[in-house]
Number of protein chains: 4
Amino acid sequence: MAIMKFLNSLGLTIDLAIEAHELLRGEAGIEISGVKVIKDKKDNFELTRVEILNEHGAAQMQRPIGKYITIDAPILRSQNKSIHKEIMLILSEELKSLLPLDNNRPILIVGLGNWHATPDALGPKVVDYVLVTRHLFNLNNNSLTQGFRNVAAISPGVLGITGIETVEIIKGIVDKINPSLVIAVDALAAANVERICSSIQLADTGISPGSGIGNRRPGLNKEVLGVPVIAIGCPTVVNAAIIAKNTIEMFLNKFTSSKQFYQFLKTYQEGIATLVREVLEPYSNTLTVTPKEIDVLILNLAKVIAGGITLALHESVKPENVDMYLN
Amino acid sequence: MAIMKFLNSLGLTIDLAIEAHELLRGEAGIEISGVKVIKDKKDNFELTRVEILNEHGAAQMQRPIGKYITIDAPILRSQNKSIHKEIMLILSEELKSLLPLDNNRPILIVGLGNWHATPDALGPKVVDYVLVTRHLFNLNNNSLTQGFRNVAAISPGVLGITGIETVEIIKGIVDKINPSLVIAVDALAAANVERICSSIQLADTGISPGSGIGNRRPGLNKEVLGVPVIAIGCPTVVNAAIIAKNTIEMFLNKFTSSKQFYQFLKTYQEGIATLVREVLEPYSNTLTVTPKEIDVLILNLAKVIAGGITLALHESVKPENVDMYLN
Amino acid sequence: MAIMKFLNSLGLTIDLAIEAHELLRGEAGIEISGVKVIKDKKDNFELTRVEILNEHGAAQMQRPIGKYITIDAPILRSQNKSIHKEIMLILSEELKSLLPLDNNRPILIVGLGNWHATPDALGPKVVDYVLVTRHLFNLNNNSLTQGFRNVAAISPGVLGITGIETVEIIKGIVDKINPSLVIAVDALAAANVERICSSIQLADTGISPGSGIGNRRPGLNKEVLGVPVIAIGCPTVVNAAIIAKNTIEMFLNKFTSSKQFYQFLKTYQEGIATLVREVLEPYSNTLTVTPKEIDVLILNLAKVIAGGITLALHESVKPENVDMYLN
Amino acid sequence: MAIMKFLNSLGLTIDLAIEAHELLRGEAGIEISGVKVIKDKKDNFELTRVEILNEHGAAQMQRPIGKYITIDAPILRSQNKSIHKEIMLILSEELKSLLPLDNNRPILIVGLGNWHATPDALGPKVVDYVLVTRHLFNLNNNSLTQGFRNVAAISPGVLGITGIETVEIIKGIVDKINPSLVIAVDALAAANVERICSSIQLADTGISPGSGIGNRRPGLNKEVLGVPVIAIGCPTVVNAAIIAKNTIEMFLNKFTSSKQFYQFLKTYQEGIATLVREVLEPYSNTLTVTPKEIDVLILNLAKVIAGGITLALHESVKPENVDMYLN
């Protein structure tokens, strides 16, 4: 658990359940009790279902009991649009399996994050693209809404822009429109640069407090909102502290054969967090790492997610016509 | 009342109290009972205070009892920035006179309208510029907030984008953050092209249902929100139906000396609305008229209004440093 | 020719050849010598090929000798995406028929207009969506570019933003990259509100000076640039002066049976332009009329045009995968 | 020169002359012949004038002979607007000292970088804010232009958006409008996180090929454009490779007292670049590090730079009214 302790000491979290699990298992070298993991490898992607079954698993994994599905698809970073479509369909299938049966109440899609900051704008961009229908349902014209679900969507902005906590805005809207489900889309931080813009996580537990870019997200879950929350998140950054830590560790790994170094390793362990903080002064834990082409990657991802959501929600939307329904 | 009837028959309203009054008086040629009007002409602008005193006045004026202050400043359309600043100060003074004394609860600024449509984006742009401080107040650090009021701000988007009525979003937020006042900024429709981007109306009555561009605004007032609402609105369009009607009337006016025409005028009165509808098919009452330079005019106006609000609300913001506080 | 004279007297032009022809023929009631017109009516659209054959036709039509193809599809204003696709294919077919055979030099797509003003942002939006490949060709990697043409694209902005005439910027770039063709996309002004966002004009003559919204466009044609220019334009506004004029004329038409009126009509003809100017003071000929939903209509149109261009230019792009290639 | 070699081995450069100098001197511990450096420390900032005097200095510093002025002002990262104004004035004074005397030809401001990627959007944002006057000069109305210089501005976009090299676009425009000077504004990469959004470099040498975020900038200098080029650049990112390298080095520095380590340091030197590449796979040298609040920092910087340029260029613009002239 060294890395999780390390991140916690910097006020950071591991946003992806799959990464939390990898780190826990990797370090312990043993299965984590209370956590079930099933992997399904395909040509273009790998699907990992992490299920946290009980309080012991939740404590180890530092996140609530529930299902966490991750689609790892490094090929998403290519411009191959037919693979984007394939991932969109997978996301749609997985999302469908989490949807409530209640078709009469609206579903509220929430785009978390700051539209002025490229890597944090994923949620707002998904909301821009996604099909919204609630206003048509309010016209009470069946011919318009046949084959569609009742969907509303909002990007509440971030605290620094509105002066209002996201959860206050969303809770206020939920109280007014009484949705059967909230789908919250968010940009995440990964522990590994390989996952930037290449993994999509679905969780039926909502958004945990302190997650997301800037670990400033308030909790957005059933406990707070009173309705189920599905979180869809993608890493768009890695915290610079992790880059620094990984570098030192890879460096040290070069010398594990040496007894002296092993000795050193043990004694120095605690010093790493301090060292990392020094390297990243004066920005400490607010420095994030992104690829330069992040704007293009985010646009692609936002379309994949908006398409996946739209396909999952509306019977009348089909893989062959989904692009037509995205704004 | 011919023009108000005419507009109503097309599903349109007169957004500016000053124009409603001009039209009523102009046609009747007499004072309207229950309405007090005081004008104050200066070099660069004219200030008109319309006060609706009782139900009779409200019925005639088709809007609630309350104060409506209009700053008419055609010079706002110039690029003369020192005059922009002068109007900003006037707006600030007038706004101050309407503010509540309660300094402990936040003030919520709401930017109504559609940020994707230039003439309707005035409200969202003001929210972009305006100083927001509520998150600083929540830090409980007096040195940060001394001399400032607690201000939050949001642009809720329009129904077609979110699927949620503006009033549902705002009522939800008001219930959560319990402001002492809502200031709602909106783009309006004028009855006269001369007022486009040159008049600013302040009203202590909030937003009446059916006003604004597209006359699709829900009511946003004390009755609905439970807190006082000050509306700040500027005309950014004229409905094309009014252009058509004005044209016919100016045309007819050329012939008022002729007895035959006068006769005709009387008989044709009712036909005008039908004719106007024909001219504007297939868009009927959704066609609006704007100057081509609307983007520049809106930016200027948004800065004047955001500056006026920021000056009025915060003791520490002064005319000489207000630009520094705008985003 | 009354209306063309009227518009000219206000400094305005008729941007669509089909409208110029309708007005000329309508008024004269006879064929215009030197102009060939063929119409082709389909279920969802009408195709009109106007060909100006000689100088006489050019003088009458107030535009250069050449081909002007108009797709009139009022159904474009609906949100029916499969019809959008149908129009995209038609546009693509028509554009193909105008393309040069030279495949070795790049094609430069130019998005004219002001991205800050919704109805004028059509060109820049098309450039945002359209597939650009020239940088891939410069990598000299055949596997990347097989089946594609070499395409560059730019939105030069407008004079008020850059201080530079569009033609100076484009001529400068043309001199550097030596394209075989320029495709210039522009928002136009229509003479009839029914054509707003429902007609697309292709012209092999380029952009004539003084056309477009704000009739401030410089000429962008073979004479100026030294390479052929295909113009793709859609009306997104009607000049308010035309609304005013149409209103008066429809009004007068109600009374053509009356001898007195006919008499009057003849005497008043000249006064109309003056009257219209009065109605539209102080904005005179810069007032434009747009539907309120212009932002949505422009986005749809931009996708149809970007898709049509992308399909026409690249062999490897097919109707079933074109959406994947748009940004 | 180890770090410069290291960066070069990753295809990266040191954009700031002051950092190149610090690194060279730091490592050599001696003065660099052919380079003159004068520092001037004030309360809120430090001014460093690096002058490369001859070919020897140029070779060492890996950049052309010329003047490089850096304003280091970490306080720029605060929201203290009166300090922003102070830095704006300093920038303006320094820029003035580099301006040509020729007042008759226009000055062209070029905003380099990608407006879709927050840390790279500095140049385009400066162009958005800066005062443009060339179109007014073309009206030949002295009363409009008295006290102002003739200024044009453009953001050419990046290769991936247009398919055209920036230098092709700018050279094309320069050939057409014949400016006396180009001022190119660009986002840079720093070698030290402390300089992100806190340093501004002015250079009379223009933009060297390979500099800037993504080290994809073409050269934009007198040799290429035929007119003098002043470059204004601010670091908005640090390359992640540098973070990784700095971490290892700080780590190693902890053990310099140990003889064994010193030995190791010498043998491992070459391995670091390989190691860093491994850590940053699969993104290698395209990963950049930015603070999360980069959007706000960039907006502040863009205003400081646009204000500094506007003040320097126009006699009629004064510190007390400069905000009025920014868009």
Side-chain angles (χ1 to χ4, degrees), chain C residues 105-111 114-116 124 126-139 144-145 148-179 182 214 216 218 224-226 310 313-314 327, chain D residues 105-111 114-116 124 126-139 144-145 148-179 182 214 216 218 224-226 310 313-314 327:
Chain C
R105 285 152 67 200
I107 288 177
L108 175 63
I109 302 171
V110 175
N114 180 355
W115 47 75
H116 290 309
V126 168
V127 162
D128 276 355
Y129 290 143
V130 91
L131 181 65
V132 167
T133 58
R134 183 169 172 268
H135 52 310
L136 305 177
F137 276 81
N138 289 353
L139 301 174
L144 276 175
T145 54
F148 292 88
R149 273 199 199 227
N150 184 330
V151 174
I154 195 160
S155 297
V158 292
L159 185 61
I161 289 177
T162 60
I164 316 172
E165 290 285 355
T166 301
V167 70
E168 293 176 301
I169 298 174
I170 300 308
K171 178 72 172 123
I173 296 171
V174 163
D175 288 353
K176 290 289 163 270
I177 74 171
N178 186 25
V182 168
R216 54 177 154 53
V224 173
L225 296 183
T310 300
L313 296 186
H314 307 289
N327 291 318
Chain D
R105 285 153 66 203
I107 288 178
L108 176 63
I109 302 169
V110 175
N114 180 356
W115 47 75
H116 290 310
V126 169
V127 162
D128 276 354
Y129 290 143
V130 91
L131 181 65
V132 168
T133 58
R134 183 170 172 266
H135 52 310
L136 304 177
F137 277 81
N138 289 353
L139 300 176
L144 278 174
T145 54
F148 292 89
R149 273 200 201 227
N150 184 330
V151 174
I154 194 159
S155 297
V158 292
L159 186 59
I161 289 177
T162 61
I164 315 172
E165 289 285 357
T166 302
V167 71
E168 294 176 300
I169 298 175
I170 301 307
K171 177 73 170 124
I173 295 171
V174 163
D175 288 353
K176 291 287 163 270
I177 75 170
N178 187 26
V182 168
R216 53 178 154 54
V224 173
L225 296 184
T310 300
L313 296 186
H314 307 288
N327 291 317

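Just so we're clear, the structure is a prediction, and the values are computed from it rather than from any experiment. Within every chain, numbering begins at 1; the chains are lettered A, B, ... in the order of the sequence lines, protein sequences first and strands thereafter.
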Discussion item. Heavy-atom pairs under 4.5 Å with chain D: which of C/Ile154, C/Ile109, C/Thr162, C/Ile169 has the most?
Written reply: C/Thr162
Discussion item. Which one wins on heavy-atom pair count under 4.5 Å against chain C: D/Lys171, D/His116, D/His135?
Written reply: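 Most pairs with chain C among the choices: D/His135.
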Discussion item. Quick check on the interface: out of D/Ile161, D/Leu108, D/Val127, who has the most heavy-atom pairs with chain C under 4.5 Å?
Written reply: D/Ile161
Worksheet item: Where does C/Pro106 contact chain D at under 4.5 Å (heavy atoms): side chain, backbone, both or neither?
Response: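 Interface part for C/Pro106: neither.
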Item to complete: Could you tell me which portion of C/Leu136 (side chain, backbone, both or neither) has an atom closer than 4.5 angstrom to a non-hydrogen atom of chain D?
Response: neither
Item to complete: Please lay out, stage by stage, how D/Trp115 and D/Asp128 fare under the test side-chain contact (heavy atoms from CB on, under 4.5 Å).
Response: CA-CA 11 Å; D/Trp115 47 75; D/Asp128 276 354; over 6 Å; no
Item to complete: Evaluate side-chain contact (heavy atoms from CB on, under 4.5 Å) for D/Ile164 paired with C/Ile173, printing each intermediate quantity in order.
Response: CA-CA 9 Å; D/Ile164 315 172; C/Ile173 296 171; 3.9 Å; yes
Fill in: Approximate separation, where rounding is to 0.5 Å, of C/Leu225 CG and C/Asp175 CG
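C/Leu225 atom CG to C/Asp175 atom CG measures 8.5 Å (nearest 0.5 Å).
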Worksheet item: Could you give the distance from CD (C/Glu168) to CD1 (D/Ile177), rounded to the nearest 0.5 Å?
Response: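 That separation rounds to 7.0 Å.
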Worksheet item: Just by distance, do the side chain of C/Arg134 and the backbone of C/Ala152 share a donor-acceptor pair under 3.5 Å?
Response: no
